[in-house]
Structure formats: structure tokens, C-alpha cells
Amino acid sequence: MKKFVGLCACTMGLAHTFMAAEAIEKAAKNHGYEVKIETQGSDGIKNELTMEDIDNADVILLSTAVTPENMERFEGYEIYEIPLSEAIKRADEVIEEIEEDQANS
């Protein structure tokens, strides 16, 4: 099964972080991915991505409005970055665009 990991974070780390994470998770599952989404918010880091998660991912998506903690984990990997609003409003389309990009690479 294809693997999809993501990280969502915003300045307050309240509603938008979790709305984006939920939308991305749902859309990725609809596209046949095994999904893990880390959130960084007012309650700290939840569902933290491990190096194994990142190493095994077919897609890595960051949807943030702030610089997340531990960004060095993603160095050397192909990362897709989108605003939180895109994740919330257009998660399915974003995943389709990523898949199209990967197919053309």
C-alpha cells in the first residue's frame, strides 16, 4: 500500500491545524494511501512522524502557517508544501495534483 505522511501546524495550533489534518487524512485514504498526519499545536506534537515513517513515505506533505519543530527530519526528501487553507478546502485536488506531478517526474 502507498504511504502518505503529513504535518499540519499553525500559529495557534487549534482549529485550522486539526481541520487540515482531518481533510488531508480523509482525502489520502480515499486515494488508497496508508496515512499518518502529525499535528503541532497548542497541545504540543501529536502523532509524531518517525524517521521510519518519513523514509517509507511515497508522499510527504507539509501544510503549515508557521515553521514546525524538527524540520531537519525532512532534509533530503521531496516535500510538497501547501497553505492550511488549501488543505482544508481542496485536499482531494491537492492529492490529485501531487500524483500527477509524481507521474510526470
Residues in salt bridge (charged side-chain N to carboxylate O under 4.0 Å, His left out) with E34, at least two apart? K3
Going by the rule salt bridge (charged side-chain N to carboxylate O under 4.0 Å, His left out), which residues pair with D58 if we only count those two or more places apart in sequence or in a different chain? none
Residue list, salt bridge (charged side-chain N to carboxylate O under 4.0 Å, His left out) with E99, at least two apart or on another chain: K2
What one should report as the nearest heavy-atom pair of N47 and I37 is ND2-O, 2.9 Å
Which heavy atom in A65 sits nearest to a heavy atom in T11, and how many Å separate them? O-CG2, 4.3 Å
Of all residues at least two apart in sequence or in a different chain, which pass the side-chain contact (heavy atoms from CB on, under 4.5 Å) check with E72? N70, E75
Closest approach of R73 to E69 (non-hydrogen atoms, all atoms of both residues): NH2-O, 3.6 Å
Shortest non-hydrogen separation from A21 to T39 and the atoms involved: CB-CG2, 3.7 Å
Could you pull out all residues at least two apart from T50 that satisfy side-chain hydrogen bond (donor to acceptor under 3.5 Å, both in side chains)? D53
Starting from Y77 and following side-chain heavy-atom contacts under 4.5 Å between hydrophobic residues (I, L, V, M, F, W, Y), which residues can be reached? V5, L7, L49, M51, I54, I60, L62, M71, F74, I79
Quick one: list whatever passes side-chain hydrogen bond (donor to acceptor under 3.5 Å, both in side chains) with Q102, sequence neighbours left out. none
Which atom names give the shortest non-hydrogen contact between L84 and C10, and what distance separates them? CD1-CB, 3.2 Å
Show the nearest heavy-atom pair for residues P83 and S63, with the distance to one decimal. O-OG, 3.4 Å
Working to the nearest 0.5 angstrom, can you tell me the gap between Y33 OH and I95 CD1? 7.0 Å
Worked check of side chain to side chain contact (heavy atoms under 4.5 Å, CB included) between Q40 and T17: CA-CA 7 Å; Q40 293 188 17; T17 297; over 6 Å; no
Only pairs at least two apart or in different chains count here, so list each ring-ring contact (aromatic ring centres under 6.0 Å, His included) that has a residue in residues 79-105. none
Please report, to 0.1 Å, the donor-acceptor pairs under 3.5 Å made by any side chain of residues 87-94, with sequence neighbours excluded.
{"residue": "R90", "atom": "NH1", "partner": "E86", "partner atom": "OE1", "Å": "2.4"}
{"residue": "R90", "atom": "NH2", "partner": "E97", "partner atom": "OE2", "Å": "2.5"}
{"residue": "D92", "atom": "OD1", "partner": "H31", "partner atom": "NE2", "Å": "3.4"}

Restricting to pairs with a member in residues 19-29, which pass side chain to side chain donor-acceptor pair (under 3.5 Å), not counting sequence neighbours? E25-K29
